[in-house]
Asker: 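Quick one: the structure is below, questions incoming.
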Protein chains: 2
Amino acid sequence: MNARAGQAKAGDEATDAAGAPSSDGGAEALRRLAGQHSSGYRSVGVMAYDIIRDAILSGALLPGQKLRQETLAELIGVSRVPVRSALIQLEADGLVELQDRRGAVVKSVSVEQAREVYDIRTLLELEALRRSMAHMTPERLTRIRELSRAVDAEQEGGGFIDARTEFYAVLYDAERHPVLWETIEQLKLKVGRYVLGWRLVGDEGAEHSHSHEHLIDAVEAGDVDHALAVLREHLESVRDAVLALLETEAQERVGA
Amino acid sequence: MNARAGQAKAGDEATDAAGAPSSDGGAEALRRLAGQHSSGYRSVGVMAYDIIRDAILSGALLPGQKLRQETLAELIGVSRVPVRSALIQLEADGLVELQDRRGAVVKSVSVEQAREVYDIRTLLELEALRRSMAHMTPERLTRIRELSRAVDAEQEGGGFIDARTEFYAVLYDAERHPVLWETIEQLKLKVGRYVLGWRLVGDEGAEHSHSHEHLIDAVEAGDVDHALAVLREHLESVRDAVLALLETEAQERVGA
DNA sequence: CGAGGCGATTCTGTATCCAATATTCATCGA
DNA sequence: TCGATGAATATTGGATACAGAATCGCCTCG
């Protein structure tokens, strides 16, 4: 609720910013992110990538937001060269759109696209789980349980994302199926911001954690059909939440 | 046969080039490609991307080949900046690997990875065909037939690739399912060079065209199950050819 | 009120320079 | 002779400055 209202407000700001900036357009949040990521990077380019990426996924930069290279460079504290590198990568990820000689814009996700993403993810993730269960070991099972608890423990944004990613990496046996895993991750990224926003809804977090438990139980029992059913249900529930969020945003945008 | 032998020879050259360049390492072919692509681009960056991409897909640049920015820039006739842009995009495509401060290398595809790619493609392309057939129209069917003939007509590399891509775009109704289509295309790219090489085998080209006809007939008849079965068989046949090629290459590499 | 032009802004690309790091090669010691 | 060490070299990643091109906004003129 709280989070939803906040996003709607920020969305309006972004719309305004497209015309004439009425707020900072995420500049403050970006500067803060730049501070967090400031050290321990092998190259400035990947740092810029991470910062802008996190800014988009965290909702600091909203769909439609215009990204000017020089502004980003100043905020991050680098020259425009690594910013360009970052933007190119982000375009490949589908998070921004590079219009020819018109700059970069944070891409928006249509309801239809999101539906497609979840349809494909369902196909791929069910397959991933199926294959993973075919080669399950007690060690992996133990790790899965540990990581599931770690996900529940993490509360703040960044840690939660990382923990959840690792959980699924082990659950789907990413090591054995790197291409499948990478494809799934790319699809997740496209709706990343909304999944992150969705988590903030809060109430559904408990339900989410609950279905995780069910899933792991089924995996542990070796009940493939049941595990797949639980996973499918989980994905459909997340999908519905995201689609609802997107539809609400779309309406609010029209209403404004 | 002819093509196979050529590739094996080129492969050895690449292996040598990794140590001390014994041949031009694809420089001549790259220069030729640069000439073909020389005009009509909105930005030099995408031109560089296209040239290097085609060089990799056509086999002029082989897996393991080291790509130096300055050399590429000279061959293409641009500065290092657009080359860097291109390399970043190619890394996102999975065609090259950017090692930190060690330059770019054309990525090689393992047998396992290729198998995964085809497994996932089978999942996704069957789904794409299923959805496409659910909304088939006479107009699309007509276009599919036309494009199929266009594919058979095109013989040389570039035109053939484009024609085939458009054929599948219409067959899978890419316009209605952009995310699914994009995901499939990304996967195709990862084994692009080998599919291109495979086509040159020649004898199997007829068989390939034959299965296309079968597929279209089934689509026209609205026989979903049959169409899916034909498509699956086709994909498995291509997969087997590619895997065989990869295994042969791997053996030859060890043998050398 | 609409069409066209002008200037300002911004992106794209070039050229040059610098710092950091990898690689190569030669030397030294066991 | 062979392996390790360290300097010289090569290459990448990045900064900076500048030129060219395309777009946008605004302004004037018809």
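None of the values given here were measured: they were computed from a predicted structure. Order of the sequence lines sets the chain letters (A, B, ...), proteins ahead of strands, with each chain counted from 1.
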Asker: Taking CD from B:Q99 and C1' from C:dA22, how many angstroms apart are they, rounded to a whole number?
Answerer: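 The distance from CD of B:Q99 to C1' of C:dA22 comes to 11 Å, rounded to the nearest Å.
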
Asker: Any pair with a residue in residues 182-191 of chain B that passes salt bridge (Lys or Arg N to Asp or Glu O under 4.0 Å), sequence neighbours left out, goes on the list, sorted by first then second residue, please.
Answerer: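 Checked against salt bridge (Lys or Arg N to Asp or Glu O under 4.0 Å) - neighbours excluded - the pairs reaching residues 182-191 of chain B are A:E182-B:K190, A:K190-B:E182, B:E185-B:K188.
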
Asker: Under the salt bridge (Lys or Arg N to Asp or Glu O under 4.0 Å) definition, can you give me all pairs with a residue in residues 32-50 of chain A, not counting sequence neighbours?
Answerer: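 Pairs touching residues 32-50 of chain A that pass the test: none.
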
Asker: Quickly work out the B:E91 CD to D:dG13 P distance and round it to whole Å.
Answerer: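 Distance, rounded to whole Å: 10 Å.
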
Asker: Please tell me which of A:D100 and A:G45 maps to the more 5' nucleotide of DNA chain D, matching each residue to the nucleotide holding its nearest heavy atom.
Answerer: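 Closer to the 5' end of DNA chain D: A:G45.
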
Asker: Rounded to the nearest 0.5 Å, how far does CG of A:L87 lie from CZ of A:R80?
Answerer: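 The CZ atom of A:R80 sits 11.0 Å away from the CG atom of A:L87.
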
Asker: Is a salt bridge present between B:E166 and B:R143, judged by a nitrogen-to-oxygen distance below 4.0 Å?
Answerer: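 Yes.
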
Asker: Just to be sure I understand the rule, does B:R101 reach a base, reach only the sugar-phosphate, or reach nothing, if contact means heavy atoms closer than 4.0 Å?
Answerer: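 The answer is base, as B:R101 lies within the cut-off (heavy atoms under 4.0 Å) of a base atom.
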
Asker: Using whole Å, report how far OH of A:Y49 lies from C1' of D:dG13.
Answerer: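 Spelled out: OH on A:Y49 to C1' on D:dG13 is 19 Å.
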
Asker: What is the distance from atom OG of B:S43 to atom OH of B:Y49, rounded to the nearest 0.5 Å?
Answerer: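 These two atoms lie 12.5 Å from each other.
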
Asker: At what distance, to the nearest 0.5 angstrom, does NE2 of B:H37 lie from CD1 of B:I76?
Answerer: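 Reported value, rounded in 0.5 Å steps: 10.0 Å.
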
Asker: Using a 4.0 Å cut-off on heavy atoms, which residues in residues 71-81 of chain A reach DNA chain D? List them by number, or say none.
Answerer: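 Within residues 71-81 of chain A, the residues near DNA chain D are A:V78, A:S79, A:V81.
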
Asker: May I have the distance from B:Y41 (atom OH) to D:dG20 (atom P), rounded to whole angstrom?
Answerer: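 It works out to 25 Å between those atoms.
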
